[in-house]
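Below is one structure; the comments refer to it alone.
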2 protein chains.
Amino acid sequence: MAQRPKPAIDAVEILHRRFYEGKPTRLKSLEQTRANEEIARTICELRTAASLTQSQLARLIGTTASVICRLEDADYEGHSLAMLRRIAGALNQRVEIRFVPIRRSA
Amino acid sequence: MAQRPKPAIDAVEILHRRFYEGKPTRLKSLEQTRANEEIARTICELRTAASLTQSQLARLIGTTASVICRLEDADYEGHSLAMLRRIAGALNQRVEIRFVPIRRSA
DNA sequence: TTGCACTTTCGCAACATTGCGAATAGACTG
DNA sequence: CAGTCTATTCGCAATGTTGCGAAAGTGCAA
């Protein structure tokens, strides 16, 4: 599936500058950190809304309480899609993933 | 370690039956499989919409084309949040995650 | 046909997340 | 106070994902 080779090269450079040249690669972590905090809080809210303890939720998805505790830690950055889906499934929910465009201070 | 809270245990059992007793644990994989296919297709669409080849996108996020190819494979089930965010970031997007309740034939 | 760009598959090392138990701390009750 | 339940933290083995190159497959055009 060969497409246009010439206009794409420029896009690569533009995007690259936009995200890796202007910033020390640490800035992106800020947004991710907030996203992780939100995930942790969401898990905790869903669990408590279902009147479940960490141990009970852990048993539902076949793990232990320490794992749930780790997921609900705001500083945790290792959230995986697989784990989120397991939790969602146990709570009769599903994980919806969407890519939404970022508007940069426009 | 005696643990017997009376009110919550019921909820645990109910939820457990709802998801692990009535079905052979394979059914859940079906939904996940479709979700994975959708993710793969979304990545591919976002990439092509940006007029990028797999190699170019790979370079943007600091990996190789084979990795991108693997992510765009509909049969791939190892999608991680970290990778999705890397791709989204390179394409000037962000990954939105939501837990939505499942309606079982309302 | 050849050449070229793109995609796909394979294999394995490196890294990240999970699984799990045990110990600790906090809150609440009798 | 002791007793119980819950939440948190630590460490390490097991599992899973990523990183990467190389080779082969695909489609298009000269």
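Below, chain A is the first sequence line, B the second, and so on; all start at residue 1.
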Calculate the interatomic distance between [X] atom [atom1] and [N] atom [atom2]; express it in whole Å.
| X | N | atom1 | atom2 | value |
| --- | --- | --- | --- | --- |
| B:His79 | D:dT17 | NE2 | P | 10 Å |
| B:Asp75 | C:dT8 | CG | P | 12 Å |
| A:Ile68 | C:dT17 | CD1 | C1' | 14 Å |
| B:Arg70 | D:dT17 | CZ | C1' | 7 Å |
| A:Tyr76 | D:dC10 | OH | P | 15 Å |
| B:Arg59 | C:dT7 | CZ | P | 13 Å |
| B:Arg86 | D:dT18 | CZ | P | 8 Å |
| A:Asp73 | C:dT17 | CG | P | 13 Å |

Please state whether the phosphate of C:dC6, meaning OP1 or OP2, lies under 4.0 angstrom from any side-chain nitrogen or oxygen of B:Arg47. no
salt_bridge(B:Arg47, B:Glu72) N-O dist < 4.0 Å: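 Result for this pair is yes, salt bridge flagged.
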Side-chain ion pair, A:Glu96 and A:Arg98, N-O less than 4.0 Å: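 Salt bridge: yes.
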Residue mapping more 5' on DNA chain D - nearest nucleotide basis, B:Leu71 or A:Gln54: A:Gln54
Step by step, work out the side chain to side chain contact (heavy atoms under 4.5 Å, CB included) result for A:Leu84 and B:Ile97. CA-CA 10 Å; A:Leu84 293 183; B:Ile97 296 172; 4.3 Å; yes
Under 3.5 Å, side chain of B:Thr48 to main-chain N/O of B:Ser51, donor-acceptor pair present? no
Under a 3.5 Å distance rule, please check whether A:Arg86 uses its side chain to pair with a backbone N or O of A:Ile61 as donor and acceptor. yes
Does [X] reach a base, just sugar-phosphate, or nothing at all? Heavy atoms under 4.0 Å.
| X | value |
| --- | --- |
| B:Thr63 | sugar-phosphate |
| B:Ser80 | sugar-phosphate |
| A:Ser66 | base |

Can you figure out which of D:dC20, D:dT17, C:dC6 approaches the side chain of B:Thr53 most closely? C:dC6
Side chain of B:Met83, heavy atoms from C-beta onward: which of D:dG19, C:dT9, D:dT9 has the nearest atom to it?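 The answer is D:dG19, which lies nearest to the side chain.
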For B:Glu72 and B:Ala82, find the nucleotide of DNA chain C closest to each by heavy atoms; which residue's nucleotide sits nearer the 5' end?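 Taking each residue's closest nucleotide, the earlier one in sequence belongs to B:Glu72.
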